[in-house]
There are 4 protein chains.
Amino acid sequence: MPQDLHALLGDLVIANRILAHEGVLDDFGHVAVRHPERPDRFFCSRSRSPELVTRDDLLEFDLDGTPTDPKGLKPYLETVLHARLFAARPDVKATVHHHAPAVLPFTVTDVPLRPVFHMAASLGGPVPVWDSRDEFGDTNMLVDTMAKADSHARALGGGTSVLLRNHGASNAAHSLPALVFIAVRMMQNAELQYRSMSLGTPRFLTEGEIRLTADMQMSERPLDRAWAYYRARAGYGGI
Amino acid sequence: MPQDLHALLGDLVIANRILAHEGVLDDFGHVAVRHPERPDRFFCSRSRSPELVTRDDLLEFDLDGTPTDPKGLKPYLETVLHARLFAARPDVKATVHHHAPAVLPFTVTDVPLRPVFHMAASLGGPVPVWDSRDEFGDTNMLVDTMAKADSHARALGGGTSVLLRNHGASNAAHSLPALVFIAVRMMQNAELQYRSMSLGTPRFLTEGEIRLTADMQMSERPLDRAWAYYRARAGYGGI
Amino acid sequence: MPQDLHALLGDLVIANRILAHEGVLDDFGHVAVRHPERPDRFFCSRSRSPELVTRDDLLEFDLDGTPTDPKGLKPYLETVLHARLFAARPDVKATVHHHAPAVLPFTVTDVPLRPVFHMAASLGGPVPVWDSRDEFGDTNMLVDTMAKADSHARALGGGTSVLLRNHGASNAAHSLPALVFIAVRMMQNAELQYRSMSLGTPRFLTEGEIRLTADMQMSERPLDRAWAYYRARAGYGGI
Amino acid sequence: MPQDLHALLGDLVIANRILAHEGVLDDFGHVAVRHPERPDRFFCSRSRSPELVTRDDLLEFDLDGTPTDPKGLKPYLETVLHARLFAARPDVKATVHHHAPAVLPFTVTDVPLRPVFHMAASLGGPVPVWDSRDEFGDTNMLVDTMAKADSHARALGGGTSVLLRNHGASNAAHSLPALVFIAVRMMQNAELQYRSMSLGTPRFLTEGEIRLTADMQMSERPLDRAWAYYRARAGYGGI
């Protein structure tokens, strides 16, 4: 295995552990990363809780969500969700689907989730909502078919984040550190917006502030600093 | 002791520790499992906090809540609650009674608890409420007699969950992993519904979504995955 | 030192640690216990955070709050608060003064704190509120004089609990295990009442339920069970 | 290095760890302390999360925010925020800038943050709010220039605390223990005020209570007690 692929798969395990440790993921939810050499392939764990994922659980998939070598392991039922995000968005290198508790109220009500503090600028404008009932009626609520996964990818559009009605959320980013940054901030922003709306009338970031702040935060120094912090907290030591 | 009984009692200890670790149970509350060979018997700890329960604390009871061999230990005052659930519901193999903090507001107000996210589909429709005052007037609030326990079992009916006014909740399931899944989701759903109602007007799962999602989640893959996660978090290692 | 006094002082250290571990106490707040042989004496730590208190920090005081042997250590500025509770209430053997975060909103608003679940029946009816401004005007907010401490003891009256406006709360009980039980339940009840009032219109326990439930819970089996649980969580092992 | 400087830098590391442990700081935010001999110099970590800061990360700066010896390390982008607070306030010896989650709703809405319990008297009256848009329009939200840092220092004025709109807060104090005390209490007060306003109509401390209580708490005994508690919790043992 090439050195950079080896390192990337190590980071995929760490990203699983970080997002479990920070409360974005619990027994369900999953993280994926695109193959660094073959853009039509990506990696994701077999069906296992992110907090328990190891290198041995990782499988390679094509963009239909089919494992290139199943190794006798069962994938997540929603692996295709990641496959169709990678298919729709060549710029995206890492994805996560989760049910972060603070985010869920924004999937249950029609209150739009929007950046209320600078750290969450990367959410962009109001986060779009995908409702499985619109195209598919009553379902088992999973994004477990090509049709549902393509519909879900269209809802994400060109952004970083999408909400799933009465279900959860997905994020997409250009790297695993950027993905962790965005998913954690989405959770924090949801908590803050919830509290701010209980307390009074929230002011949101302006469009200019969102653009300037997101550009700054998606750069090397903030992402390195955040990644070092989160990996240390998840038990992987400092840099 | 037969091998499957030995394993089941090990799982009963683990279920106690899991539900304590996840905050469903604290110093009070209790878990029970039906005897795999003798449907007129079940197992439950002596009067001890679930976080501290070991194999040596487990007692066998009949369906009146009488220990078949007390071993000089004091049972929980509410052991009969479990006895009468097992008597009323042959399909039920595992039960828990708890005071999960997030659930309690739905026992204090008349707001119905209903599934607001897919993970809690197994709660079914609005969860019924048992009010000890209806048949028994002012009491010490415990379900500590045959009459109260039978009344409580009637309130549960054919479902998985019942609320006790100003007191707590009980869950019933076809296995210990299913019981843990349902009790944890009840707690998460209560938190989510509380927050959603503060934030705006909640949308609930449709009846079709509840049925399709509950069927899927009560199957082997999701239950195995959740059980492995919760037992690891409670200190019992991965699978 | 007699054996029972030795054991009681050990329990006083454990009660300090328990109430810190459960979040009733933080860097401030204090616990006291009456001398088992000399009802005109009690024990309390020198000025030190409860989480750090050891046997070597304990001092003996008379009912004016004066140390019988200061050992060169500085007592808490509010030691007299405990002294005057012991003076006013011969039935009381253990006291705590704290700023439990969940309780504080009931000292800031005029919403009465009342039992909303069975575990908090020992709070009794609506908890009385002591306002330092009523008799003493603007102060440093401490109960640090005989006059203030006597006024505070009058507000407690014959009950287990009193609130201090914009400041905190005090509890009194017949033993350290009962004190821990009441202080933890006060905190849980405050959280539950807060949430229930956000969610809808709370139903409270009836007077009959309060009496019957408090009598049952202040008995040996529930108090032993809770004490074993809390001391294990605070690092002192099971019984 | 003189002994007192050596000890002060040790305390700066500990203050970083304490404020991370207590949840005032996460991956972002920073703490600074003035040089004990040279009032035109101060110390602050290189760009690193406070939970991970060690002695080797500390750099010395002048009051323009320029490192006197960069050692090849990258400073925080907002180091100048601290520089200009030290320049504007000769009485201030220690500063922190943070995004404590409980505080943030008061930067998002126009509800003034004010002391609602005695422990937060040192916040003073309603905490002033600095809005970067007033003088600088749309920005990347950072206090990363002399002009912005001077404006931010003017907003702090002669007090201990200032809020930054949709961003965070800064505190200033006469020592590191006082700084930790104030920052933790600001967070607790924000949580309490939020809850109190949800529950009913809050009563605030009077001006007389604020003055008398703050004077008492900023004295040796309370500050020593709190510092010993927080450093023990952050893993630095008792005193």
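Labels below follow one simple rule: chain letters A, B, ... track the order of the sequence lines, proteins then strands, and each chain is numbered from 1. Reckoned from all heavy atoms, side chains included, excluding hydrogens, waters and symmetry mates.
Residues B:L52 and C:A228 share a closest heavy-atom pair of CD1-O, 3.8 Å. B:T109 and C:R203 get closest at one heavy-atom pair: O-NH2, 2.9 Å. For B:R48 against C:R225, the heavy-atom pair with the smallest separation is C-NE, 3.8 Å. What you find for C:T213 and B:T139 is that their closest heavy atoms are OG1-O, 3.7 Å. Of all non-hydrogen atoms in B:P105 and C:S196, the two that sit nearest each other are CA-OG, 3.6 Å.
We find the NE2-CG distance between B:H99 and C:L192 to be 12.0 Å, quoted to the nearest 0.5 Å.
Side-chain N/O atoms of B:D138 and C:T206 include a donor and acceptor closer than 3.5 Å.
The most heavy-atom pairs under 4.5 Å with chain C, out of B:K74, B:M197, B:Q193, come from B:K74. Options C:M119, C:Q188, C:Q217 differ in how many heavy-atom pairs under 4.5 Å they form with chain B, and the most are formed by C:M119.
The environment of CD in C:E207 is sparse: at most 12 heavy-atom neighbours from other residues, nucleotides or ligands sit within 6.0 Å. Residue C:H174 places its NE2 atom among more than 12 non-hydrogen atoms of other residues, nucleotides or ligands, all under 6.0 Å distant.
Only the side chain of B:L142 has a heavy atom closer than 4.5 Å to any heavy atom of chain C. Proximity to chain B (any heavy atom under 4.5 Å) is shown, for C:R211, by neither the backbone nor the side chain. Interface remark: B:S47 contributes backbone and side-chain atoms alike to the contact with chain C (heavy atom separation under 4.5 Å). Looking at C:F204, the atoms closer than 4.5 Å to chain B (heavy atoms on both sides) all sit in the backbone: N, CA, C or O. Using a 4.5 Å cut-off between heavy atoms, C:P222 contacts chain B through both its backbone and its side chain.
A donor-acceptor pair is defined here as one N or O able to donate and one able to accept, closer than 3.5 Å; no such pair exists between the side chain of B:N140 and the backbone of C:M216.
A salt bridge links C:R185 to B:D27: at least one charged side-chain nitrogen sits closer than 4.0 Å to a carboxylate oxygen. One finds a salt bridge joining B:E191 and C:R195 here, because a Lys/Arg side-chain nitrogen approaches an Asp/Glu carboxylate oxygen to under 4.0 Å.
In this structure, B:T107 and C:F117 have side chains that are not in contact, with every pair of non-hydrogen atoms separated by 4.5 Å or more. Side-chain atoms of C:T201 and B:D110, non-hydrogen and from C-beta on, never get closer than 4.5 Å to each other.
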